[in-house]
Student: 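For reference, the structure I am asking about is given below.
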Amino acid sequence: MIKVHAKFVLSAADARQFPAASLPEIAFLGRSNVGKSSVLNSLVGEKIARTSATPGRTRTINFFELRRQGRPEPELRFADLPGYGYARLPREVTAEWPSFIEPYLAQRSALALSIALVDPRAPTQESDRRLLEWLRGAGREYLVVATKSDRLSGNELANALRRLRTDLGTERVLPYSAKTGSGRDELWREIWTAASRRIAAASD
Ligand code: GDP
């Protein structure tokens, strides 16, 4: 696998602070504590996102630029979105999000793929289901990734993936383990494919 270097760009607390939409972006979404920071760190192979013991703190979109080893310029950006669903009360998925998150997902021209992280050990979450329904409604490309796959046996994982596909209305759920690196190459393939599609569409 090609080595990738990541550079932190900025934390946006407002749409006016977003970087210019000059590179394809991959958004990472999920409930707090789903393992989002661990996925980001394992993809890049260095600690870019903070794994935290106090979930639900981050209220900003954190942007990172990714450059492949041997290439002079960055080719891709990651957008680390705030975790949702930490509150115990069931609420609309976006109700607790800062107001600029929804417009980001709906309108950001550079957004090539939204990666929705879900925990295969937990029952299907209403907030995850609503997020995916919302992304479909907005016509956005998305991919569901089941985190912490190392914590389930092969059988348990297969059952959980089947349940998630049905409950979330998607044909594909990619298992991932930040701990073992399982699923990493496949997720990178999805990311580069989505990014190339976005570049091709932009130059049409
Ligand atoms: P975030 O709040 O979504 O960013 O979640 P974190 O990345 O901080 O992870 C939450 C907790 O799950 C931490 O205790 C991590 O060590 C643990 N965790 C994350 N990914 C994995 C994984 O792939 N396997 C295992 N076994 N634990 C994980």
Side-chain angles (χ1 to χ4, degrees), residues 6-37 39-40 43-44 48-50 52 55-66 74-87 89-119 124-145 147 168-170 174 187 190-204:
K7 196 178 114 209
F8 173 75
V9 180
L10 56 85
S11 276
D14 189 285
R16 283 168 304 195
Q17 297 169 353
F18 292 162
S22 51
L23 291 173
E25 273 166 22
I26 310 293
F28 291 81
L29 291 150
R31 291 168 58 84
S32 302
N33 217 36
V34 72
K36 181 158 57 67
S37 310
V39 168
L40 281 161
L43 274 174
V44 173
I48 57 168
R50 197 180 314 158
S52 83
R57 282 275 179 80
T58 325
R59 311 313 286 159
T60 54
I61 301 183
N62 300 323
F63 291 91
F64 300 89
E65 275 181 3
L66 286 298
E75 296 166 275
L76 188 67
R77 256 187 221 134
F78 282 174
D80 181 10
L81 272 75
Y84 56 84
Y86 186 61
L89 291 174
R91 281 194 268 177
E92 284 300 318
V93 64
T94 51
E96 60 196 288
W97 275 359
S99 57
F100 63 98
I101 302 289
E102 211 173 297
Y104 173 84
L105 290 173
Q107 290 156 20
R108 181 76 167 167
S109 61
L111 183 58
L113 180 68
S114 291
I115 296 179
L117 306 169
V118 299
D119 186 343
T124 311
Q125 301 292 309
E126 188 56 20
S127 52
D128 291 335
R129 209 184 54 71
R130 272 199 297 257
L131 171 69
L132 287 161
E133 215 171 76
W134 189 90
L135 287 170
R136 273 193 290 272
R140 282 305 198 179
E141 293 280 338
Y142 64 84
L143 174 68
V144 181
V145 170
T147 57
L168 300 175
T170 180
L174 178 70
L187 186 53
E190 294 288 336
I191 289 170
W192 288 117
T193 303
S196 325
R197 256 203 313 268
R198 169 65 35 177
I199 291 167
S203 59
D204 270 351

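The chain is numbered in sequence order, starting from 1.
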Student: Quick check: do Leu43 and Ile191 have side-chain heavy atoms less than 4.5 Å from each other?
Tutor: yes
Student: Verify ring pair (Phe, Tyr, Trp, His ring centres under 6.0 Å) between Phe8 and Phe63, making sure each step is shown before the conclusion.
Tutor: CA-CA 6 Å; Phe8 173 75; Phe63 291 91; 9.2 Å; no
Student: Measuring only between side-chain heavy atoms, which start at C-beta, is Leu117 closer than 4.5 Å to Leu29?
Tutor: no
Student: Any side-chain heavy atom of Phe28 sitting closer than 4.5 Å to one from Leu81?
Tutor: no
Student: Are the side chains of Arg108 and Arg140 in contact, using a 4.5 Å heavy-atom criterion?
Tutor: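 Of all side-chain heavy-atom pairs linking Arg108 with Arg140, at least one is under 4.5 Å.
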Student: For the atom pair CD (Glu25) and CZ (Phe18), what is the distance rounded to the nearest 0.5 Å?
Tutor: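 Reported to 0.5 Å precision, the distance equals 8.5 Å.
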Student: Nearest 0.5 Å, what's the CD-CZ distance between Glu65 and Phe78?
Tutor: 12.0 Å
Student: Return yes if some donor-acceptor pair links the side-chain N/O of Gln17 with the main-chain N/O of Ala13 below 3.5 Å, else return no.
Tutor: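 Between the backbone of Ala13 and the side chain of Gln17 there is a qualifying donor-acceptor contact (under 3.5 Å).
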Student: Looking at Glu133 and Arg130, is there a salt bridge between them, counting it only when a charged N and a carboxylate O are closer than 4.0 Å?
Tutor: no
Student: Can you find a heavy atom in the side chain of Tyr104 that is under 4.5 Å from one in the side chain of Ile61?
Tutor: yes
Student: Under a 3.5 Å distance rule, please check whether Lys36 uses its side chain to pair with a backbone N or O of Pro82 as donor and acceptor.
Tutor: no
Student: Report yes if some heavy atom in the side chain of Leu40 is under 4.5 Å from a heavy atom in the side chain of Asp80; otherwise report no.
Tutor: yes
Student: Side chains of Leu76 and Phe64: closer than 4.5 Å at any heavy-atom pair?
Tutor: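 A side-chain contact under 4.5 Å is absent here.
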Student: Just do the side-chain hydrogen bond (donor to acceptor under 3.5 Å, both in side chains) check on Arg77 and Ser22 with the steps written out, would you?
Tutor: CA-CA 9 Å; Arg77 256 187 221 134; Ser22 51; 3.3 Å; yes
Student: Name the residue from Leu131, Leu105, Leu143 that meets the side-chain contact (heavy atoms from CB on, under 4.5 Å) definition with Ser114.
Tutor: Leu105
Student: Between Arg129 and Thr124, is there a side-chain donor-acceptor contact under 3.5 Å, judged purely by atom types and distance?
Tutor: no
Student: Going by heavy atoms in the side chains, are Val144 and Leu174 under 4.5 Å from each other?
Tutor: no
Student: Would you say the side-chain atoms of Arg198 pair up with the backbone N or O of Leu23, donor to acceptor, closer than 3.5 Å?
Tutor: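 Between the backbone of Leu23 and the side chain of Arg198 there is no qualifying donor-acceptor contact (under 3.5 Å).
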Student: Taking Arg31 for the side chain and Asp128 for the main chain, is one N or O donor matched with an acceptor at less than 3.5 Å?
Tutor: no
Student: Ser11 and Asn62: side-chain hydrogen bond (donor to acceptor under 3.5 Å, both in side chains), yes or no, with the steps?
Tutor: CA-CA 4 Å; Ser11 276; Asn62 300 323; 2.4 Å; yes
